[in-house]
Amino acid sequence: MKENFFTKLDRWGALLTALAIAAISIAYLTQSYLASSKLYNIIFLVPMVLIAVFLTVIIIGRSLKMVLKSSSADVTNNNPTPTSDGKNLVIAGLMGGFLVYAFSIRYVGFDVASAFYIAFSLWIQGERRIIVIVLMSVITAFAVTWLLIHGARVPAIATFL
Amino acid sequence: MNFIDFPALHDSFGILTQSYIPWLMIVPGLLIGLAGGALPGISGTMILALMLPVTPYMDFFTAIVFLTSVFTGAGYGGAVPAILVNMPGSTAAVATTFDGFPMARSGKHNEALGLGLAASTIGTLISYLVLFVLINFVAKAVLKLGPVEMAVVAIWGISMIAMLRGGNVERGILAGVFGLLIGTIGISPIGRMRGTFGLPELIDGVAVVPAMIGILATAELFNLARSKYIIDNDAARIVSFPLILKGFRDVFGYWRTLSRGSLIGIFVGAIPGVGASVANLVSYAAARRSDPDPNSYGKGNPNGLVASEAANSSSEGGAMGTLLALGLPGGGGTAVLLAAFAMHNVTGGPRFIADHKDTVYAILISNMVQSLLLIVVGLLFIRMAVVIIKIQVRHLVPTVIVIAMAGSYAITGNLTGPITLAIFSVIGWVFARYDYAPAAAVVGLLLGRFVESQFVFSHQLSGGKLSFILERPIALIMIAIFLISLVYPWINARMRCRKTNEE
């Protein structure tokens, strides 16, 4: 099986995740210590960060062992179940679109952002009927927005939000 | 020792028969709870909180009956999306997804829904029956738990989650630790800002509910992409009432798991701050560990579903016990109930039990009636709820994501919710992809502040002396159980390995 970007990323994914967690934990502890070095500010954080670093070292050791041992052909034996490139692209698109959706609410409003995200999701997942894309995105976005605005004022409606 | 005060019990029938209004509140309450719990991204606590403004117009007993009906309905409602779309309505239904969703994927969604409903109603009923008999005893027992014991129970719960799904234990525990750390972001116990990195949105900490929805729910939705239906098999998408009933009846075949799960739920639910979110996972872990075929868990073993649903529902009774006996909420749901008490100028706790035993018994009897009515209301509700599995995935995914986004927006009231949801969706997907136990991260996130406060209290009480633990036998027993449960799977695996080699 020829390695592409996604399979390469998958091989190193577990290791990179552990490194990211360790880095975030250490950054958090450092920032907390700088905020105050008093005992009750860090009494819980220090042991937790030490455990996180210890586990990261173990995970890196094991992951490296597996990555170095495995050839690109048997990557699938040691790493997550491979998914097709098409599915990976759809997942990446949905996640990327979701981040853009969340950050764009501030600029275009919840209703417009929601409508665009629904339309984009439908399209990226293979829906090609324009009428379905337009109707579904507009109706769903505005129905949810209406409930968000008016539902909160009426407890009985808010329940179903 | 007289467990039941019969004169007070007699008086309670007077309260129960005084008016028909409280009885009229049960079915609407159950339906609201079921609908709220079943809607992805909407938690039982949120529904209860939204219903709170309605209750000042009711008398105290009616208000409590209505709110506990919502609570009971939401308890099972959360299982519906957990089974059908692997999306727990709340953390109480996390373990329900482990085997409920695989059952649905293999076309047994009807049986899974029936089984979950039966486990849920029986679990609730058992918990209130036990509470009815043991309420005085429970109050005394919970009083003996100090901060050390609380911290041990919470950490034990997170460790169990990390281990129970098999696979990479170290990655699971790291995810739990990560969750605990993230859960403490914001104002520290000494009033300093920690981990906010200059972002004012993080002063109150990470928005837990949107983060939870992101890690557990939307990540799974992404993985559904390019599937045509949630259940691939055309024939399996058929909603069958007889099969739901069959699943309901089948629960009696799992009576051992059911009764163990119910008892675990009562015990864990009675511990303030822990509640259903840990109860379902501890019960699931206990069921898996005692099963001769633990590897079948996570692949659609009905025992896993029964263990989770029985425990999360029975924890409601345990939490109610603590609320009534001590005036302490076991979780978000009982915290709302406590607020309802306050709105009617009623204070829960030993004084309330002593002065209003008749009301306490009336509440418990009405709760038992609710759990029985949940069977009928729940069966009818499932008929409507399973429509979700007839929707094409490409239409379902964006719709549910937008509803979850609206829910996150509604919870925080600003953009913190949507942004938290989006970021934690990506984290959840990465965790799930590389076997980092997303559920452990979520429970860590929920319990982070609680565990930290117990650490601080323990240090204050002990003066920093470790020998303090030796003076606390309950803590020692709990630590021993914790260590045994950590080591036991490893010893068990070694013994099995040796046995296989010998054969």
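In what follows, chains carry the letters A, B, and so on, assigned in the order in which the sequence lines appear, proteins first and then strands, with residues in each chain numbered from 1.
When Ile423(B), Ile419(B), Val451(B), Val430(B) are compared by the number of non-hydrogen pairs under 4.5 Å with chain A, Ile419(B) comes out ahead. The candidate with the highest count of non-hydrogen atom pairs below 4.5 Å against chain B, out of Ala20(A), Gly96(A), Ala52(A), is Ala52(A). Options Gln460(B), Met405(B), Met193(B), Arg192(B) differ in how many heavy-atom pairs under 4.5 Å they form with chain A, and the most are formed by Met405(B). Chain B forms more heavy-atom pairs under 4.5 Å with one residue of Ile51(A), Ile24(A), Leu39(A), Leu99(A) than with any other, namely Leu99(A). Counting heavy-atom pairs closer than 4.5 Å to chain B, the top-ranked of the candidates Ile118(A), Thr30(A), Thr17(A) is Thr17(A). For the set Gly195(B), Ser188(B), Ala175(B), the entry with the most heavy-atom pairs within less than 4.5 Å of chain A is Gly195(B). Between chain A and the options Tyr436(B), Phe455(B), Phe178(B), heavy-atom pairs under 4.5 Å are most frequent for Tyr436(B). With respect to chain B, the highest number of heavy-atom pairs below 4.5 Å among Asn41(A), Leu122(A), Leu94(A), Thr140(A) belongs to Asn41(A).
At a 4.5 Å heavy-atom cutoff, Leu29(A) makes no contact with chain B through either its backbone or its side chain. The contact between Ile185(B) and chain A is made by backbone and side chain atoms together, counting heavy-atom distances below 4.5 Å. With a 4.5 angstrom heavy-atom cutoff, Leu415(B) touches chain A only via side-chain atoms. Of the atoms belonging to Val397(B), it is side-chain heavy atoms, and not backbone ones, that fall under 4.5 Å from chain A. In this structure, chain B has heavy atoms under 4.5 Å from both the backbone and the side chain of Met48(A). Ile43(A) touches chain B through backbone and side chain together, each having a heavy atom under 4.5 Å away. For chain B, the nearby parts of Ala27(A) are the backbone and the side chain; heavy atoms of each come within less than 4.5 Å. Residue contact with chain B, scored on non-hydrogen atoms closer than 4.5 Å, is absent for Ser104(A).
Each of Ile60(A), Val53(A), Ile59(A) was checked for a side chain to side chain contact (heavy atoms under 4.5 Å, CB included) with Thr56(A), and the lone residue meeting it is Ile60(A).
Summarising the geometry of Ala14(A) relative to Ser63(A), their closest heavy-atom pair is CB-OG, 4.2 Å, with the distance given to 0.1 Å.
Inspection of the Glu127(A) and His395(B) side chains reveals an N or O donor paired with an N or O acceptor under 3.5 Å. Side-chain polar atoms of Thr184(B) and Tyr28(A) form a donor-acceptor pair below 3.5 angstrom.
Checked by atom type and distance alone, the side chain of Arg194(B) never pairs as donor or acceptor with a backbone atom of Ala35(A) at under 3.5 Å.
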Please determine whether side chain to side chain contact (heavy atoms under 4.5 Å, CB included) holds for the pair Val206(B) and Phe424(B), giving the CA-CA distance in whole Å, both sets of side-chain angles, and the decisive distance to 0.1 Å. CA-CA 10 Å; Val206(B) 170; Phe424(B) 278 85; 3.8 Å; yes

Please report the C-alpha distance between Ile215(B) and Phe431(B) in whole Å, then the side-chain angles of each, then the deciding distance to 0.1 Å, and finally whether the side chain to side chain contact (heavy atoms under 4.5 Å, CB included) criterion is met. CA-CA 8 Å; Ile215(B) 292 178; Phe431(B) 274 25; 5.6 Å; no

Let's go through Trp12(A) and Leu64(A) carefully: what are the C-alpha distance in whole Å and the side-chain angles of both, what is the deciding distance for side chain to side chain contact (heavy atoms under 4.5 Å, CB included) to 0.1 Å, and is it a yes or a no? CA-CA 8 Å; Trp12(A) 295 92; Leu64(A) 269 179; 3.8 Å; yes

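Relative orientation of the His459(B) and Tyr40(A) rings is perpendicular, given thresholds of 30° and 60° on the angle between their planes.
Taking the centre of each ring, Phe116(A) and Tyr101(A) stay at or above the 6.0 Å mark.
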